[in-house]
2 protein chains.
Amino acid sequence: MARVRAVDRRLYLLVEIAARRLHRDVDARLTQSAGVSASQAAVLFLLLRRGERRLGSIGETLALGAPAVSGLISRMEKAGLVIRRKDAADRRGALVDLSEHGRIAAEQADAILRTYNAELDERLGEDDAEALHHALTRLIASEDQG
Amino acid sequence: MARVRAVDRRLYLLVEIAARRLHRDVDARLTQSAGVSASQAAVLFLLLRRGERRLGSIGETLALGAPAVSGLISRMEKAGLVIRRKDAADRRGALVDLSEHGRIAAEQADAILRTYNAELDERLGEDDAEALHHALTRLIASEDQG
DNA sequence: AAAGACTCTTTCACACACGAATGAATCGGC
DNA sequence: GCCGATTCATTCGTGTGTGAAAGAGTCTTT
């Protein structure tokens, strides 16, 4: 608790620190139980929910730049988690979808993430969890309009 | 707003996405106006407030692992922002403090961060900003007991 | 149809994070 | 005093992110 005081009244630092801690936790669990990283799991999760997507769309949803997505998908492709194919309709773009193996990993990752988020909710209590969710959603949405 | 739905009910992803956006914004401003990165600014900020510290202490406050701090401080030292010296009392450890140049950069960064956080507060409104602050602080604190 | 503008992805060089292993100094028990 | 355990920092290899620039394809304008 003492250490939090150092960044008091600096919402930005608070978000960054919290994100780092959560990422570390989630990554450890996912690596252990599903054999994928936290970053990869976010993509798997998205593809599982929404199906085949373009790289740019993934980046938009996850707030990642084009080079980040490109590299992430390349590593996932090499790991056999996703399949990348040219978009016939617009041959500049590439479409990404889950492989068989990727779908299994995605479902495992989804379950782990679900459990983790449930624990977060419990740790925070319903009110704070709801408030956090609401505030972050607003933060992200308001960012969209610059 | 539509894109937020994809990660709905996944607090972890929400925190990560928000952190990435904020980091990118803050980094751009700091690089432009103070010539330091967002990660470096967090260290500068800490040293400005609390004075000379050990590497481990910095990592604890900012939720960074030892290798991350070591590299970050090395780059900052090379850039002339901080000075690293052996701790005479415990010669395993090293102490880090601001250089002259570092102090100036720290004050600039502090002002920029202050402005940015004020904008965040304004964008969110007092209630949501307060709720966010409260929830994140609790999240970080509750993580400590793991 | 050709030229130029625009969009999507990749490549490049770099910063920043991690876990695992290593080196160096201190501490604790004997 | 000495030896093993512990602690603090660094190094190593890798993954993940960035901005800038390049490459490839599409669209728009004439």
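First the proteins, then the strands, lettered A, B, ... as listed; each starts at 1. These numbers come from the heavy atoms of this one structure, side chains and all, not from hydrogens, waters or symmetry mates.
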Audit row: S74(B), R84(B), side chain to side chain donor-acceptor pair (under 3.5 Å) steps and yes/no: CA-CA 9 Å; S74(B) 291; R84(B) 194 201 235 121; 3.2 Å; yes

Given DNA chain C, 5'-ward residue of the pair L55(A) and H23(A), judged by closest heavy atom: L55(A)

Residue closer to the 5' end of DNA chain C, S37(B) versus S70(A) (nearest nucleotide): S70(A)

Once you round it to whole Å, what is the distance between [atom2] of [N] and [atom1] of [X]?
X	N	atom1	atom2	answer
L81(B)	dA15(C)	CG	C1'	14 Å
M76(B)	dA9(D)	CE	C1'	17 Å
D87(B)	dA24(C)	CG	P	18 Å
D27(B)	dC14(C)	CG	P	17 Å
E77(A)	dT9(C)	CD	P	14 Å
L72(B)	dT11(D)	CG	P	15 Å
R20(A)	dG19(C)	CZ	C1'	16 Å
D90(A)	dC6(C)	CG	C1'	12 Å

R103(A) atom CZ, neighbour heavy-atom count above 12 within 6.0 Å: no

Under-4.0 Å salt bridge between D110(A) and R49(A): yes

Ion pair R123(A)/E119(A), N-O distance below 4.0 Å: no

Distance below 4.0 Å between R84(A) side-chain N/O and dC8(C) OP1 or OP2: no

Side-chain N,O (R91(A)) to OP1/OP2 (dT26(D)) below 4.0 Å: no

NA contact type, [X], heavy-atom cut-off 4.0 Å: base, sugar-phosphate, or nothing?
X	answer
G93(B)	sugar-phosphate
R75(A)	base
A66(B)	base
A94(A)	sugar-phosphate

Among the nucleotides [options], which one has an atom lying closest to any side-chain atom of [X]?
X	options	answer
S39(A)	dC16(C), dT10(D), dT16(D)	dT16(D)
R54(A)	dC16(C), dG17(D), dC8(C)	dC8(C)
A68(B)	dT10(D), dA17(C), dC16(C)	dA17(C)

Nearest non-hydrogen partners of A109(B) and A41(B), listed with the distance: CB-CB, 4.1 Å

Under 3.5 Å donor-acceptor pair, R92(A) side-chain atoms to dT7(C) base atoms: yes

V69(A) or A89(A), whichever maps to the more 5' nucleotide of DNA chain D: V69(A)

